[in-house]
Amino acid sequence: MATNRLVTKEKIAVYAKTMFAAAREAGGQDSAVEVRNQLKQLCSLIYADMELSGALMGTEYTPQVRADLARAVFADCNPALREVMAVMAENRDIDLITGVYHAYEDNLKADMNIAVVDVVTVVPLDDELRKLIEKKAETDLGVNAVLNESIDASILGGIIMSVNGKRIDASMISQLNRARHTLKNTDGGES
């Protein structure tokens, strides 16, 4: 069993390193960060769409058909990502995508000394807040920070930040949920 885990770990490392090297060679830091951001989105897509993941990993299609399907589905993605996803589909390794994502982030940190900070707000960040977040992240992480900003009206206000698997949720919706939970627990014992 240990051999299988070692083989899987090596596959993940090869996929991530190949994708990273191709992205970096094609467009430097911007391309490498673009691939990371797209890879993050694909992790969610693969796990949310069982029909897609089944087609990319199933035995009902030949390896070449799975690779062609991946190229078609991910046609709008960075070519480095698209081609590695095609090889992963060909080899029925799509289920390794989360591991590849984490290994890819490790490559960004090790080879480019950067960490991507995902920032979700209800309105776009202004330059002052953007610089403040970058500076704080760089101080805390000891690497250069690159922000991946997105807008989500459902958080009502505040900010959600995540980096290296750690998440800080200071959104209004989470604060309201915490307040509701606190009130619910303290209100239950009084008459």
Out of curiosity, does [Y] fall in the hydrophobic cluster containing [X] (side-chain heavy atoms, cut-off under 4.5 Å, transitive links)?
X    : Y    : answer
I168 : V119 : yes
L45  : V84  : yes
V65  : V73  : no
M50  : L42  : no

Show me the pairs that pass ring-ring contact (aromatic ring centres under 6.0 Å, His included) and involve [range], at least two apart or across chains.
range            : answer
residues 84-135  : F20-Y104
residues 38-74   : none
residues 105-134 : none

Are there over 12 heavy-atom neighbours, none belonging to [X], within less than 6.0 Å of that residue's [atom1]?
X    : atom1 : answer
E149 : CD    : yes
D76  : CG    : no
E60  : CD    : yes

Inter-residue atom distance [X].[atom1] - [Y].[atom2], 0.5 Å rounding:
X    : Y    : atom1 : atom2 : value
L56  : D93  : CG    : CG    : 11.5 Å
I94  : C43  : CD1   : SG    : 10.0 Å
L52  : L69  : CG    : CG    : 6.5 Å
N107 : R36  : CG    : CZ    : 13.5 Å
I159 : T121 : CD1   : OG1   : 6.5 Å
D106 : L108 : CG    : CG    : 9.0 Å

Check whether any side-chain N or O of R82 sits under 3.5 Å from a backbone N or O of C77 as a donor-acceptor pair, and report yes or no.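 Present.
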Return the minimal non-hydrogen interatomic distance between [X] and [Y], and the atom names on each side.
X    : Y    : result
A70  : M85  : CB-O, 3.9 Å
A23  : A80  : N-CB, 3.7 Å
L96  : M88  : C-CE, 4.2 Å
I155 : V122 : CD1-N, 3.9 Å
A103 : A16  : CB-CB, 3.5 Å
A145 : A137 : CB-CB, 3.8 Å

So do [Y] and [X] actually touch side chain to side chain, heavy atoms under 4.5 Å?
X    : Y    : value
I97  : L39  : yes
N113 : V143 : yes
V116 : N37  : yes
L125 : L147 : yes
K9   : R5   : no

When you check the side-chain N and O atoms of E34 and N78, is any donor under 3.5 Å from an acceptor?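 There is such a pair between these side chains.
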Who are the side-chain contact (heavy atoms from CB on, under 4.5 Å) partners of R92, not counting sequence neighbours?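 Per chain and number, R92 pairs via side-chain contact (heavy atoms from CB on, under 4.5 Å) with T59, R66.
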Apply side-chain contact (heavy atoms from CB on, under 4.5 Å) to V163 and list each qualifying residue two or more places apart in sequence or on a separate chain.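 V163: side-chain contact (heavy atoms from CB on, under 4.5 Å) contacts with A115, V117, L141.
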Starting from I151 and following side-chain heavy-atom contacts under 4.5 Å between hydrophobic residues (I, L, V, M, F, W, Y), which residues can be reached?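 So far as hydrophobic clustering goes, I151 is joined with none.
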State whether D68 and R71 are salt-bridged, where the test is any N-O pair (Lys NZ or Arg NE/NH1/NH2 against Asp/Glu carboxylate O) under 4.0 Å.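 Salt bridge present between D68 and R71.
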Please determine if K17 and D111 form a salt bridge, counting it only when a charged side-chain N lies under 4.0 Å from a carboxylate O.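 No salt bridge links K17 with D111.
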Please walk me through it: do T18 and V87 pass side chain to side chain contact (heavy atoms under 4.5 Å, CB included)? CA-CA 11 Å; T18 301; V87 173; over 6 Å; no
